[in-house]
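Before any comments, here is the structure.
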Number of protein chains: 2
Amino acid sequence: MSSAFSIDFEDMKFILFDQLDIVSDLSRIERYEDFDQELYETAIEEAIRVATELIHPHNAHADQVGCTLDSDGNVKTPPGYSAAWDVIAEGGWVNCAAPVDAGGAGLPHIPYMASTEIFISASMAFAMYPGLTAASARLIYHYGPDAWRIPLAEKLYTGVWAGTMCLTEAGAGSDVGENRARATEIEGEPGVYHLEGEKIFISGADQDLTDNIIHLVLARTPGSPPGTKGLGLFMVPKFLFDLDTHAIGERNDAFVVGLEEKMGIHGSATCTLALGANGTCRGWLIGGERDGIKLMFTMMNEARIGVGAQGVGVSAAAYNYALDYAKQRLQGSSVENFKDASAPRVAITAHPDVRRMLMSMKVHTETMRSMLYRLGHRSDLIEHGDGSFDHFRGQIDLLVPILKAHCTDMGFEVAVTGVQVLGGYGYIGEYHAEQYARDAKIASIYEGTNGIQALDLLGRKLRIKGGALLMEWIQDGMACCAAGRDAGFEAQAKAIEKAIQQAGASAMHLGGLSGSGKLEVALVQAYPFLQQMGTIQLALEAMHQAQVAKRCIAERSATPHLKGKLLNLDFYVSNVLPKATAYGKIVTSGDQSCLDEILFT
Amino acid sequence: MSSAFSIDFEDMKFILFDQLDIVSDLSRIERYEDFDQELYETAIEEAIRVATELIHPHNAHADQVGCTLDSDGNVKTPPGYSAAWDVIAEGGWVNCAAPVDAGGAGLPHIPYMASTEIFISASMAFAMYPGLTAASARLIYHYGPDAWRIPLAEKLYTGVWAGTMCLTEAGAGSDVGENRARATEIEGEPGVYHLEGEKIFISGADQDLTDNIIHLVLARTPGSPPGTKGLGLFMVPKFLFDLDTHAIGERNDAFVVGLEEKMGIHGSATCTLALGANGTCRGWLIGGERDGIKLMFTMMNEARIGVGAQGVGVSAAAYNYALDYAKQRLQGSSVENFKDASAPRVAITAHPDVRRMLMSMKVHTETMRSMLYRLGHRSDLIEHGDGSFDHFRGQIDLLVPILKAHCTDMGFEVAVTGVQVLGGYGYIGEYHAEQYARDAKIASIYEGTNGIQALDLLGRKLRIKGGALLMEWIQDGMACCAAGRDAGFEAQAKAIEKAIQQAGASAMHLGGLSGSGKLEVALVQAYPFLQQMGTIQLALEAMHQAQVAKRCIAERSATPHLKGKLLNLDFYVSNVLPKATAYGKIVTSGDQSCLDEILFT
């Protein structure tokens with residue numbers, strides 16, 4: 001049994017320092033002006049060490065044993081999780097970009113992006129605990145009442161306590177506005193509410209990693225309007241605590257009453273959380289009583305980039321695992337000797353069909369990583385910069401749903417391809433390939449299903465400023481291709497340009513349908529349109545990387561990694577990009593067969 | 001929790017009696033000449049009853065508890081399996097087409113095809129036990145020594161005993177020629193051998209369903225040449241038995257020493273079987289000492305059609321399950337009311353993106369079923385007919401690898417789409433959607449991985465008679481389209497004709513590469529070429545079904561099922577067929593980037 005685990009550090013460095021040139025960008029921001037490449041590399045190397053030595057070794061076993069729930073609502077996480085959490089917490093790895101005044105290291109976002117990918121590769125299930133804690137901390141840091149927002153954020157960022165996000169209720173998943181949990185202000189305690197209701201699918205709603213857990217809960221106050229506009233956001237601790245000293249007091253009435261059996265991410269406790277079922281469940285309002293969704297939405301891009309990172313992280317793990325296996329597995333003879341039963345057996349990397357699969361895994365992993373880091377980095381520049389990076393904002397808004405949906409779809413596809421590379425062993429629990437596939441599947445569902453992302457792209461992002469974001473994307477893409485031509489990638493540029501034009505035509509077509517009362521026909525094609533744009537975006541990433549690699553080869557030397565980027569572009573344009581044209585044909589077909597009323601009744 | 005289970009009986013009847021007109025075909029065969037539609041319907045209805053009442057109810061629980069192995073090598077199957085097996089055995093459902101002289105009902109193959117799909121839909125894991133028993137019985141019936149072939153086949157066909165297929169060894173999966181298990185003739189007992197070796201991934205190598213198990217084992221005799229040509233096939237019983245009376249005697253030294261944890265099909269015991277590790281393992285030679293692979297190959301089409309049936313069966317189960325859920329699940333408001341938070345909630349079947357997913361599941365399930373039944377039926381006509389159906393033989397040879405690979409790929413894709421339809425609930429074990437996805441995945445791996453199927457298509461089937469089978473497929477496809485034009489499906493016919501021409505061009509291109517010393521470049525595209533042909537073949541199934549449905553509508557009435565066939569054709573041509581063009585572009589790209597020697601070393 002292979003237990004190989006590796007991280008594409010060389011590829012990360014290529015993206016950060018050669019392709020995105022983050023040091024130059026970040027040096028324009030005062031707080032980062034003295035940070036150099038070595039500092040970033042050191043941080044990432046340490047994350048790799050923690051992931052390799054402390055997180056990954058527990059990943060397979062945790063999948064087998066999962067979490068358990070006792071009759072008092074206490075969740076036990078798999079062996080090794082607690083020790084790994086302590087190291088994560090003490091090393092500042094909940095979020096290495098956490099603000100200094102909240103106990104963080106104050107690094108830029110990009111090493112956090114890398115550490116996120118690294119921890120996900122090591123264990124997607126484990127990485128959810130710090131991931132959700134960081135998200136909770138961020139929300140509290142930005143929007144919590146001044147009296148406690150910074151010290152509480154520090155508790156979370158330093159991993160002393162952990163955080164959860166409590167949105168979903170039974171029958172209110174994609175439709176958050178259906179939330180029924182109630183919050184009633186307690187007489188004589190302004191800002192403090194009694195919560196009642198039941199939340200489902202809450203990751204980490206209980207665990208044995210931290211002394212306390214902070215739940216961020218969406219709930220409806222008396223007299224609020226229906227739908228999302230009537231929701232408030234509440235800070236609901238597992239144990240009540242003194243807001244000044246943080247001394248832990250009595251148990252709050254927020255108890256886990258159920259634990260889900262799932263397809264994957266078994267080490268992540270997916271809980272049903274009952275609020276105020278037997279006593280008083282106290283929650284502190286964040287923002288106004290009807291600000292809940294607005295506040296959540298401010299976190300949305302970051303949360304969805306984080307799920308995109310799950311697609312990339314699992315994809316990378318599955319690729320590296322399958323590649324390691326394929327290099328060692330001898331089977332069959334080479335193509336030229338295939339009729340000779342006595343010919344020496346070769347590693348399966350020699351077989352063209354295995355090479356096709358590995359190359360598809362490689363090119364998707366690397367182009368998705370390129371897209372992820374680009375968006376993560378630019379988000380950071382906007383947040384912390386002086387406004388000179390604000391022109392990136394529109395493209396981030398446009399690309400986030402594509403990143404979330406396409407990179408989780410492709411992450412799953414890469415993981416499934418990994419199963420196929422291993423053949424029979426891929427299906428067996430003793431090997432890890434099938435775990436990657438099972439783990440990866442959740443990412444297309446939560447944080448807005450991929451179908452919801454497609455609606456966001458078509459129904460919101462494409463309508464902003466009358467389609468200006470798409471026009472800008474087309475211009476950026478054409479510019480990338482023009483630079484590609486100059487660098488000698490003539491044929492590849494031509495193919496991508498054509499695909500971009502087709503995407504423009506798709507958008508026009510869908511806009512025309514929406515404008516002529518055929519919104520439903522357009523909505524049928526929302527998802528294929530997202531796939532069309534996603535397929536092209538990854539082609540653009542491959543094109544950009546090839547240009548940078550060519551420059552690096554000229555300046556330094558032709559390493560296999562750099563030459564691999566040129567091959568990536570060729571492979572992607574020939575073997576993947578044609579699918580974008582197919583999506584274009586599908587999107588512009590005008591077909592409305594599936595809307596026929598005789599169906600699905 | 002929904003536990004809906006249904007079988008598409010209406011669609012089965014449409015294919016058998018309207019589309020394939022099996023009664024007319026089969027009446028030309030003497031043994032079937034008195035069989036009428038009612039007889040076939042009655043048989044299928046009974047299979048549906050058995051599946052619904054006895055098999056399906058255990059499917060989810062069996063997934064949770066799986067099989068267990070005790071220290072003596074005894075496997076325990078999940079609760080309910082033994083009772084279900086007894087009904088299967090007594091009802092003749094191991095194979096209702098089993099020959100009368102071996103205790104069978106002697107029905108044609110087509111009700112067996114239907115019962116196979118039905119049992120797989122009810123429980124893919126359970127259905128493997130009768131499936132492999134039927135395959136073993138068939139091999140013994142046709143090739144076993146006259147002394148015992150018929151009575152032993154009867155033991156299997158009647159489910160008194162069960163059978164297994166023992167090919168794979170560690171490191172010898174796709175490359176069967178690497179088999180190391182040894183068989184040495186026992187002195188003084190002609191035809192009886194001592195077996196030594198270890199077989200892995202043996203489904204049902206032990207169980208608690210039957211009194212005895214017959215293993216069919218590939219092993220190498222002394223002095224045999226390397227590779228597959230040196231392998232013999234041996235009948236190795238779990239318990240030795242008197243070849244005349246079948247009285248069970250002492251335990252043979254064939255013991256299960258390991259049970260695999262797997263991604264899915266947990267109810268099917270996947271065993272490591274040790275032969276002759278501690279004593280004498282007796283096996284009886286079937287055929288000659290070097291006939292093993294030849295005999296196995298005679299079963300190959302049937303075995304691969306059987307795996308194609310797994311793709312179809314799981315696809316149907318996943319589709320019906322997701323559809324039932326979607327009809328009941330209320331979420332969101334209709335498209336026209338989407339801004340009104342107080343608007344009534346609608347079933348998610350009202351949402352265009354959900355309709356797109358359901359339609360994709362429906363059209364794939366129904367076109368795959370059409371292809372499966374067509375091939376199954378024609379195989380039967382060739383086997384039992386008077387030679388007047390022999391012209392079907394070439395197309396079966398050509399299409400079997402496509403059926404096996406494309407229908408298992410699409411079966412998995414349908415099951416994964418089912419997970420997405422259910423959203424968060426799709427990922428949860430309490431619902432069944434994720435089990436269908438996990439179960440389905442194995443079918444792309446065993447019985448020759450889908451990559452091996454692509455090599456079979458490109459390297460063997462396309463070379464038969466200089467490409468004559470492909471030419472015939474093109475002609476048949478064009479004829480189907482011409483008939484479609486006559487029936488008023490002008491635009492759809494045009495699109496499919498174009499796709500067929502592209503497939504012809506792909507084949508020419510790949511043939512040219514092979515002929516000019518670029519075999520490896522061609523082999524990179526073997527799999528996309530199979531996908532191209534598979535995508536077109538299902539379009540042809542949709543086209544044929546639409547024509548038949550239109551005729552039935554004119555003759556009878558426009559039922560939703562029949563109108564659904566017209567919509568299927570529209571949907572497939574607009575939303576799926578464009579992918580065939582993309583595969584064509586990929587196949588003919590000439591790209592060889594993934595073969596570069598710097599990669600994967």
- Message: With chain A as the partner, which of G230(B), A582(B), S574(B) has the greatest number of non-hydrogen pairs under 4.5 Å?
- Response: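 The option with the most such pairs is S574(B).
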- Task: Could you check which of R345(B), Q435(B), H351(B), E260(B) has the highest count of heavy-atom pairs closer than 4.5 Å to chain A?
- Result: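 It is R345(B).
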- Task: May I ask you to decide if the ring planes of F412(A) and F412(B) are parallel, tilted or perpendicular, using 30° and 60° as cut-offs?
- Result: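 Parallel.
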- Over all heavy atoms of both residues, which pair between I586(A) and K579(B) is shortest? Give the atoms and the distance, please.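 Of all heavy-atom pairs spanning I586(A) and K579(B), the closest is CD1-CE, 4.2 Å.
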- Message: Please evaluate residues L599(B) and F571(A) with respect to the criterion side chain to side chain contact (heavy atoms under 4.5 Å, CB included), reporting the C-alpha separation (whole Å), side-chain torsions for both, the decisive distance (0.1 Å), and the verdict.
- Response: CA-CA 12 Å; L599(B) 293 169; F571(A) 184 85; over 6 Å; no
What part of [X] gets within 4.5 angstrom of chain A, counting heavy atoms only: side chain, backbone, both, or neither?
X	value
Q592(B)	neither
L323(B)	side chain
Y319(B)	side chain
N450(B)	both
A322(B)	neither

Looking at [atom1] of [X] and [atom2] of [Y], how far apart are the two atoms once the value is rounded to the nearest 0.5 Å?
X	Y	atom1	atom2	result
F338(B)	D175(A)	CZ	CG	13.0 Å
E261(B)	Q64(A)	CD	CD	7.0 Å
F600(B)	R355(A)	CZ	CZ	6.0 Å
I428(B)	F201(A)	CD1	CZ	4.5 Å
S589(B)	D570(A)	OG	CG	10.0 Å
R356(B)	Q525(A)	CZ	CD	8.0 Å

Heavy atoms only, distances under 4.5 angstrom: which of [options] has the most pairs with chain B? Name it, please.
options	value
P578(A), A437(A), G332(A)	P578(A)
M263(A), M359(A), H561(A)	M263(A)
E520(A), K585(A), E336(A), K362(A)	E520(A)
P225(A), G171(A), S333(A)	G171(A)
S444(A), A522(A), G451(A), G227(A)	S444(A)
A341(A), A350(A), G177(A)	A341(A)

- Query: Do the charged groups of D596(A) and K563(B) touch, with an N to O distance under 4.0 Å?
  - Reply: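 Salt bridge between D596(A) and K563(B), a charged N being under 4.0 Å from a carboxylate O: no.
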Find out whether [X] and [Y] are in side-chain contact, i.e. whether some heavy atom of one side chain is under 4.5 Å from a heavy atom of the other.
X	Y	result
I265(A)	Y427(B)	yes
L358(B)	C594(A)	no
D591(B)	V573(A)	no
E178(A)	Q331(B)	no
I445(B)	V419(A)	yes
V524(A)	D353(B)	no

- Which answer fits A172(A), side chain, backbone, both or neither, if we ask what part of it has an atom under 4.5 Å from a heavy atom of chain B?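 For A172(A), backbone heavy atoms alone lie under 4.5 Å from chain B.
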- Task: Check each atom of A170(A) against the heavy atoms of chain B and say whether the ones under 4.5 Å are side chain, backbone, both or neither.
- Result: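 For A170(A), backbone and side chain are both near chain B.
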- Passes side chain to side chain donor-acceptor pair (under 3.5 Å), T449(A) versus Q420(B)? Steps please. CA-CA 8 Å; T449(A) 65; Q420(B) 200 70 19; 4.9 Å; no
- Output, in order, the C-alpha distance, side-chain angles, deciding distance and verdict of side chain to side chain contact (heavy atoms under 4.5 Å, CB included) for V335(A) and L523(B). CA-CA 9 Å; V335(A) 170; L523(B) 291 177; 3.8 Å; yes
- side chain to side chain contact (heavy atoms under 4.5 Å, CB included) between V416(A) and K441(B): does it pass, once the steps are laid out? CA-CA 9 Å; V416(A) 170; K441(B) 191 77 221 81; 3.4 Å; yes
- Query: So, does K262(B) use its side chain to make a donor-acceptor pair with the main chain of G429(A) at under 3.5 Å?
  - Reply: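 It does not hold such a pair.
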- Message: side chain to side chain contact (heavy atoms under 4.5 Å, CB included) for T349(A) and T601(B)? Distances and angles first, verdict last.
- Response: CA-CA 8 Å; T349(A) 49; T601(B) 55; over 6 Å; no
